[in-house]
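Shown next, in structure tokens, is the structure this report addresses.
All values below were derived from every heavy atom in this structure, side-chain atoms included, with hydrogens, water molecules and symmetry-related copies excluded. Labels below follow one simple rule: chain letters A, B, ... track the order of the sequence lines, proteins then strands, and each chain is numbered from 1. Keep in mind that what you see is a predicted model, and the values were worked out from it rather than measured.
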2 protein chains.
Amino acid sequence: MKLITRNTDYAMRALCHIAQQKKEAVTVTEMVAALGIPRPFLRKIVQTLSGEGILASCKGQGGGFSLRKRPGDVRLTDLIRVFQGTIQLNECIFKKKICPMRRSCALKREIDGIERDALTRLHKVSIASLIRKGGRHDAD
Amino acid sequence: MKLITRNTDYAMRALCHIAQQKKEAVTVTEMVAALGIPRPFLRKIVQTLSGEGILASCKGQGGGFSLRKRPGDVRLTDLIRVFQGTIQLNECIFKKKICPMRRSCALKREIDGIERDALTRLHKVSIASLIRKGGRHDAD
DNA sequence: GACAAATGATACTATAATGGTATCATTATA
DNA sequence: TATAATGATACCATTATAGTATCATTTGTC
Ligand code: FES
Ligand code: FES
């Protein structure tokens, strides 16, 4: 049972780091040094975040990445959606077809309820909330 | 984000089915007919449950499986433990080493809290509770 | 005892998700 | 124009999931 994957975790680390810098733009090189994430992987992640409109990017020397949204507006659920696909409540499947009795299924009702609650809580976690809570989330 | 896998789901279906039969022993053939789960897969699952002491088995003609525990004592968390490995709260890893700052990490604290809550709720779901709640969980 | 009906044990396979690497193109600045 | 940055994209390795397949063993019935 894993709520967030490495992608999501790294993304949140990078975002918190960027949010805490004073500079206009933060480079990948800088983040690699600060966060200890493998460079090409981190590059892929921030590129994705850029594509999603969460980060802004500047090419060329002196370039880098910066937050495009307010720290309170970037939530864990957003990152999960981006890196872990649509947030799907437990899908019961029967030979490629969705289970015919999922309306009446007691187990599904329970799981759905639990997932919904988890999601509302994940939704409350944002860059801002993490930083607030002593959220140093850097390596070394 | 998937709380339970197919294994676990099928296992719970099979267990609920067995619990609702009057007979001494329920055969795999019977369960396949009732639950629509692929036969060899279901066999593997009930064998595992048998090995775990959740089901008792009788070999030979007239044999089959029966519950070895009370329906209230078999919980979703038990099945998750069996089929999805140790229930591990979010593990943050840095190049094979566990993250040096996991004590102070705000993100980890949040995730851990959410997972713990989910687990306590999953722990409350048992064969008995599912059956009680109109728990027909069979396929045609 | 032979046969059939059941489980036990175990090995194998296919697919997808995760966690990355690697490469070349493009842009901006000094 | 050299250099430091991102953009785009393709590729790869490992693991987890979801199964399949096979042969052995036990047990009741005729
Ligand atoms: S049996 Fe399909 S949703 Fe529960
Ligand atoms: S950075 Fe490792 S636990 Fe948060």
*Mind checking A:V28 for me? I need base, sugar-phosphate or nothing, with any heavy atom below 4.0 Å counting as a touch.*
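If one applies the 4.0 Å heavy-atom cut-off, A:V28 turns out to touch the sugar-phosphate alone, with no base involved.
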*asked:* Under 4.0 Å, counting only non-hydrogen atoms across every strand here, what does B:G51 touch: a base, just sugar-phosphate, or nothing?
replied: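 Nothing, no nucleic acid heavy atom in range.
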Euclidean distance, atom [atom1] of residue [X] to atom [atom2] of [N] [Å, nearest integer]:
X     : N      : atom1 : atom2 : result
B:L42 : D:dA21 : CG    : P     : 16 Å
B:R39 : C:dA5  : CZ    : P     : 11 Å
B:N7  : D:dT20 : CG    : P     : 13 Å
B:I37 : D:dG19 : CD1   : C1'   : 13 Å
A:F41 : D:dC11 : CZ    : C1'   : 15 Å
B:K2  : D:dA16 : NZ    : C1'   : 9 Å
A:L55 : D:dA5  : CG    : P     : 17 Å
B:D9  : D:dT17 : CG    : C1'   : 14 Å

*Have a look at the helix from C:dG1-D:dC30 to C:dA30-D:dT1 and give the angle its two end axes make, five pairs each, rounded to 10 degrees.*
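It works out to 10° between the end axes.
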*Could you say whether B:C58 or B:F83 is positioned toward the 5' end of DNA chain D, judged by the nucleotide with the nearest heavy atom to each?*
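Here B:F83 is the residue nearer the 5' end.
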_Identified side-chain contact (heavy atoms from CB on, under 4.5 Å) partner of B:F65 from the options B:L15, B:V28, B:T27_ =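 When B:L15, B:V28, B:T27 are each tested with B:F65, the side-chain contact (heavy atoms from CB on, under 4.5 Å) holds only for B:V28.
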*Hey, which of A:N7, A:L3, A:T8, A:L79 is the one that makes side-chain contact (heavy atoms from CB on, under 4.5 Å) with A:Q84?*
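The side-chain contact (heavy atoms from CB on, under 4.5 Å) with A:Q84 is passed solely by A:T8 among A:N7, A:L3, A:T8, A:L79.
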*Quick one: salt bridge (Lys or Arg N to Asp or Glu O under 4.0 Å) pairs with a partner in residues 60-73 of chain A, sequence neighbours left out?*
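As it turns out, the salt bridge (Lys or Arg N to Asp or Glu O under 4.0 Å) pairs with a partner in residues 60-73 of chain A, which skip direct neighbours, are A:R70-A:D73.
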Within less than 4.0 Å of OP1 or OP2 of [N], is there a side-chain N or O belonging to [X]?
X     : N      : answer
A:R6  : C:dG20 : yes
A:Y10 : C:dG20 : yes
B:S57 : C:dG8  : yes
A:S50 : D:dG7  : yes

*Side-chain heavy atoms of A:L122 within contact of A:R75, under 4.5 Å*: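 Heavy-atom side-chain distance check fails, nothing below 4.5 Å.
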*Does some side-chain heavy atom of A:M31 sit less than 4.5 Å from a side-chain heavy atom of A:V46?*
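Side-chain contact under 4.5 Å: yes.
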*For B:K44 and B:G62, take the nucleotide of DNA chain C holding the closest heavy atom to each; which residue's nucleotide lies nearer the 5' end?*
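Closest to the 5' end, via its nearest nucleotide, is B:G62.
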*asked:* Nearest heavy atom decides the nucleotide; on that basis, is A:T5 or B:V26 closer to the 5' end of DNA chain C?
replied: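 That would be B:V26.
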*Given B:E110, which of A:R121, A:K133, A:K124 fulfils the side-chain hydrogen bond (donor to acceptor under 3.5 Å, both in side chains) condition?*
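Testing B:E110 for a side-chain hydrogen bond (donor to acceptor under 3.5 Å, both in side chains) against A:R121, A:K133, A:K124 leaves exactly one candidate, A:K133.
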*Minimum-distance nucleotide (side-chain atoms of A:Q47 versus C:dG20, C:dA6, D:dT9)*: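 Closest nucleotide to the A:Q47 side chain: D:dT9.
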*Would you indicate which nucleotide in D:dT20, D:dT27, C:dA6 comes nearest to any side-chain atom of B:Q61?*
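Closest nucleotide to the B:Q61 side chain: D:dT27.
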*Determine whether any donor atom in the side chain of A:K59 lies under 3.5 Å from an acceptor atom in the base of D:dG7, or the reverse, and answer yes or no.*
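Per atom types, no contact qualifies.
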*Checking only heavy atoms, does the side chain of A:R43 share a donor-acceptor pair with the base of D:dG7 at less than 3.5 Å?*
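Counting by modelled atom types and ignoring angles, a donor-acceptor contact under 3.5 Å is found here.
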_Distance in Å, A:L76 CG paired with B:I111 CD1, rounded so as to fall on 0.5 Å steps_ =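 Answer for the CG-CD1 pair, A:L76 versus B:I111, is 5.5 Å.
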*asked:* Between A:D78 and A:R81, does any side-chain N to carboxylate O distance fall below 4.0 Å?
replied: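 Between A:R81 and A:D78 there is a salt bridge, with a charged N closer than 4.0 Å to a carboxylate O.
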